[in-house]
Amino acid sequence: LTQNVLKSYLETCAQRTEELQRRRWETFSSQEVCAYQRQSMAEMWQRCAGRLTEAIQQVVEFAKRLQGFMDLCQHDQIVLLKAGALEVVLVGMCRAFNADNRTVFFEGKYGGTELFRALGRAGDSGRGRGQAEGTASDEELLPGCHDLISSIFDFAQSLCALHCSDSEVAFLCALVLLNASRPWLQEQAKVAVLQGHLEVAFRLLLRRTQREELLARLPPAGRLRALCSQHLEQLQAFHRLHPGLLPAAFPPLYRELF
Amino acid sequence: LQEKHRILHKLLQNGNS
């Protein structure tokens with residue numbers, strides 16, 4: 001099972017850990033950051049929704065390879081993915097996060113929270129304004145978005161501090177996905193059996209690698225749930241600002257899930 | 001649920017890896 005979890009994870013990762021590590025100091029230039037910040041809020045939301053959807057497609061492929069997942073009824077496969085896909089992406093983000101300068105790998109380079117500033121307010125283009133620094137707070141159209149981005153970065157930073165191996169990240173992702181306490185499951189007992197097997201295998205791995213202290217240091221599951229709720233709240237707030245945009249502009253899978 | 005999640009349904013159907 002341990003081999004299956006690791007193999008499934010590595011086969012469905014867009015980037016190898018070594019590659020992400022090797023490139024961890026390749027950051028966006030200030031001009032490139034400004035170009036991101038000058039985008040309109042809608043453009044940046046569509047861009048991030050696109051990247052997030054790609055990551056979620058990889059989570060679906062990961063799930064399909066996990067032992068026992070495809071034996072569940074399809075209703076439950078959908079329930080688990082709908083509830084867990086974003087959480088898995090957020091856990092996996094620690095592999096693509098440089099905790100030393102608080103940047104994340106996004107569209108080919110590493111960038112900090114400032115890269116995503118346009119998500120929370122309109123870009124600077126066409127407004128005759130200069131740098132974003134010192135922008136008045138009345139222009140912060142989605143102020144909660146900055147909190148969401150900071151919270152996601154904080155979460156990645158706290159996971160990075162645990163220095164998880166690929167096997168450990170793979171198990172954390174598998175356990176986020178195969179969670180028998182998700183509401184609306186039809187065959188909860190079947191999911192609970194798979195979850196139980198995963199927990200035993202994870203504990204055995206941690207014992208073998210003398211990393212048993214990891215379990216006590218993991219962030220509480222409520223923190224991931226809170227991030228997902230924050231994302232939904234911001235998406236709804238964005239939708240209220242751009243009522244006509246959502247159906248056409250976002251990837252179909254993103255619309256289905258959120 | 002499958003009706004409401006056609007893309008997810010399709011992704012899950014495509015090649016049982």
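The model shown is predicted, which means the values in this text are computed figures rather than measured ones. A note on names: the letters A, B, ... follow the listed sequences, proteins ahead of strands, and every chain is numbered from 1.
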Calculate, to the nearest 0.5 Å, the distance between atoms [atom1] and [atom2] belonging to [X] and [Y] respectively.
X: L81(A); Y: L12(B); atom1: CG; atom2: CG; answer: 6.0 Å
X: H5(B); Y: Q77(A); atom1: NE2; atom2: CD; answer: 13.5 Å
X: E3(B); Y: I78(A); atom1: CD; atom2: CD1; answer: 10.0 Å
X: Q57(A); Y: L11(B); atom1: CD; atom2: CG; answer: 6.0 Å
X: L8(B); Y: I56(A); atom1: CG; atom2: CD1; answer: 9.5 Å

- Query: Can you list the residues that meet the salt bridge (charged side-chain N to carboxylate O under 4.0 Å, His left out) rule with R51(A), with sequence neighbours excluded?
  - Reply: E54(A), E107(A)
- Task: Taking salt bridge (charged side-chain N to carboxylate O under 4.0 Å, His left out) as the test, write out the residues that go with D147(A), two or more places apart.
- Result: none
- Task: Give a yes or no on this: more than 12 heavy atoms of other residues, nucleotides or ligands lie within 6.0 Å of atom CD of Q3(A).
- Result: no
- Query: Of all the residues in residues 164-183 of chain A, which have a heavy atom that comes within less than 4.5 Å of a heavy atom in chain B?
  - Reply: none
- Residue set satisfying ring pair (Phe, Tyr, Trp, His ring centres under 6.0 Å) with F69(A), at least two apart, ordered chain then number -> none
- Any luck finding a side-chain donor-acceptor pair between Q2(B) and H75(A) under 3.5 Å? no
- For the pair K64(A) (side chain) and Q13(B) (backbone), establish whether a donor and an acceptor sit closer than 3.5 Å, ignoring hydrogens and angles. no
